[in-house]
*Asks:* 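Here it is: the structure, laid out below.
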Amino acid sequence: MKKIIPLLILLLWSSLSFAAPKGNTQYFGNNSNVVFHLDMQRLQKGETPKNLLGMVMMNPKTKEGLNKFKTQFGLDPFKDIQSLTGSVTLMARGTEPLILLHIQGTFNEATFLKGLTQEGNEFKTETINGHTLHVSTANKSALSFIKGGVLMGSPDQLRAAVKGTTFAGGLVAQQAKLTNGGDLWFVAQFPEAMRKEMQLKNPAMANASALRGFIDFEKGLHVSLITELDNAEEATKAATQLNASINQAKGSPQAAMFINMINKFSANAKGNELVIDLPLNQDEVNQVQAIAGMLMMSLTANQGNAGGRAPSFPGLKGPVSPGAPMAPPRAPKLQLTPTPAK
């Protein structure tokens, strides 16, 4: 399944976005450390994601790759995928995390499986609780078509999921506390081993036990992060240290160009929670993109690689991308597939 997961991760990277938000968590158990939900159709309505996608698709190789993907798998990820919900279970140090994905969308099962077979997968089938599991002998992964979508993960994860499980525990409580889902929402709980590492790197966050937040592009860019600590004193200490660092950074020449964005940033303690908030309207997002684009153009020119004017986002006053296409951050290896590449 070399092409499926990398493309989905690229879509998730590109988003870098009511009552308690809902996600397709009915197949998740209670051992996860992170659960996230990306609303693909809502995301694509935002002006910034539209601009980012337009820029990416200006690359002929990207467009060619997308067309090949659609032909091979019978799937247009931007039209046929409604949402992507994921469960991440952290394992011992040096061991890849387990990731279970619930992809809601329209799939042509035969074409999809044929496309995966062309990637070198050989499938054996199992039937559990009325569900057919397609288990790949090539890379220890499996998938099962369910009503309205598909489940993808390790064989053991899928076997447990289709037998029947209940999403429970601390992550459910964190999800219930979210007041906005945005385009991307996420909840996390930190195991003891991770908390010990956090204590070494940032003592102020040593007793963080859980995290929740969202990214929303509907009216520009709204990022919300809420971290739970053991008590109010620790939350106040963490907020004080973070604000001190931000105020110190404001004095740098680089920060002056983004001062409007920095001034919108807030970090406050509310009880035992550290609440970080960054709400930007669309004009402010456009301004940040334009400045960042010009800086990147300048960097490219200094390296002797500037081949001309970089393409601009529609409707912006300044260029926002370098002449050469950017590579997305490398995603961590998944249990389901090798490390993705753009």
Side-chain angles (χ1 to χ4, degrees), residues 9-23 36-58 77-78 81-84 175 177-187 211-227 239 242-243 245-247 249-250 252 254-268 270 273-297 310-322 325-326 328-329:
I9 291 176
L10 174 60
L11 297 175
L12 180 59
W13 166 78
S14 298
S15 67
L16 309 171
S17 76
F18 43 81
K22 296 181 180 180
F36 63 87
H37 178 79
L38 172 67
D39 189 329
M40 277 292 297
Q41 297 308 309
R42 187 183 191 278
L43 171 70
Q44 294 179 76
K45 295 177 181 178
E47 182 176 330
T48 300
K50 285 181 181 178
N51 291 337
L52 285 169
L53 181 58
M55 182 192 72
V56 171
M57 295 309 296
M58 289 177 69
F78 299 106
I81 293 180
Q82 302 298 315
S83 65
L84 171 66
Q175 181 185 357
K177 293 178 183 180
L178 281 172
T179 57
N180 187 348
D183 299 309
L184 168 69
W185 63 258
F186 48 89
V187 292
L211 172 72
R212 66 183 184 272
F214 65 85
I215 300 175
D216 190 1
F217 288 102
E218 183 179 22
K219 298 178 180 179
L221 171 62
H222 189 182
V223 179
S224 173
L225 294 171
I226 300 176
T227 305
L242 183 55
N243 283 316
S245 298
I246 294 297
N247 288 331
K250 287 181 180 180
S252 69
Q254 294 84 355
M257 293 182 289
F258 299 98
I259 195 63
N260 290 336
M261 180 183 73
I262 296 174
N263 286 335
K264 284 289 193 74
F265 177 92
S266 66
N268 299 295
K270 293 185 179 181
E273 295 181 340
L274 170 63
V275 180
I276 296 175
D277 197 53
L278 177 63
L280 300 177
N281 61 41
Q282 192 61 54
D283 287 341
E284 290 167 333
V285 174
N286 290 349
Q287 184 182 42
V288 171
Q289 289 177 338
I291 294 173
M294 287 185 285
L295 289 175
M296 293 165 66
M297 275 191 66
S312 299
F313 281 108
L316 301 190
K317 296 181 179 179
V320 295
S321 68
M326 293 182 295

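Because the structure is predicted, anything quoted here is derived from the model rather than measured.
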*Asks:* Name all residues meeting the side-chain hydrogen bond (donor to acceptor under 3.5 Å, both in side chains) criterion together with Gln44; count only those two or more places apart in sequence or in a different chain, and write none if there are none.
*Replies:* none
*Asks:* At what distance, to the nearest 0.5 angstrom, does CH2 of Trp185 lie from CD1 of Ile215?
*Replies:* 13.5 Å
*Asks:* Taking side chain to side chain contact (heavy atoms under 4.5 Å, CB included) as the definition, give me every residue that meets it alongside Leu242, ordered by chain and number, with sequence neighbours left out.
*Replies:* Phe265, Ala267, Ile276
*Asks:* Which salt bridge (Lys or Arg N to Asp or Glu O under 4.0 Å) pairs, counting each pair once, include a residue from residues 273-291, with sequence neighbours left out?
*Replies:* Arg212-Glu273, Lys264-Glu284
*Asks:* So, using side-chain hydrogen bond (donor to acceptor under 3.5 Å, both in side chains) as the criterion, who are the partners of Gln41 when residues are at least two apart?
*Replies:* none
*Asks:* Hey, what do you get for OG1 (Thr48) to CD (Gln289), rounding to the nearest 0.5 Å?
*Replies:* 5.0 Å
*Asks:* So Phe78 and Met40, do their side chains get closer than 4.5 Å, heavy atoms only?
*Replies:* yes
*Asks:* Testing Asp216, Asp183, Leu278 for side chain to side chain contact (heavy atoms under 4.5 Å, CB included) with His222, which one passes?
*Replies:* Asp216
*Asks:* Hey, mind stepping through Glu47 and Asn286 against side-chain contact (heavy atoms from CB on, under 4.5 Å) and telling me if it holds?
*Replies:* CA-CA 10 Å; Glu47 182 176 330; Asn286 290 349; 3.5 Å; yes
*Asks:* What distance separates Ile226 CD1 from Lys270 NZ, expressed to the nearest 0.5 Å?
*Replies:* 7.5 Å
*Asks:* With Val288, which residues qualify under side chain to side chain contact (heavy atoms under 4.5 Å, CB included), at least two apart?
*Replies:* Phe258, Met261
*Asks:* Suppose we screen for side chain to side chain contact (heavy atoms under 4.5 Å, CB included). Which residues come up paired with Ser245, at least two apart in sequence or across chains?
*Replies:* none
*Asks:* First locate atom CZ of Phe217, then atom NZ of Lys45, and finally report the distance between them rounded to the nearest 0.5 Å.
*Replies:* 16.0 Å
*Asks:* Write down the atom of Gly220, the atom of Gln282, and the distance for their closest heavy-atom approach.
*Replies:* CA-OE1, 3.4 Å
*Asks:* Not counting sequence neighbours, which residues clear ring pair (Phe, Tyr, Trp, His ring centres under 6.0 Å) with Phe186? List them please.
*Replies:* none
*Asks:* Using the test side-chain hydrogen bond (donor to acceptor under 3.5 Å, both in side chains), find all partners of Asn243 that sit at least two apart in sequence or belong to another chain.
*Replies:* none
*Asks:* How would you list, by chain and number, every residue that makes a side-chain hydrogen bond (donor to acceptor under 3.5 Å, both in side chains) with Lys250, sequence neighbours excluded?
*Replies:* Asn263
*Asks:* Do the non-hydrogen side-chain atoms of Leu184 and Leu43 ever get within less than 4.5 Å of each other?
*Replies:* no
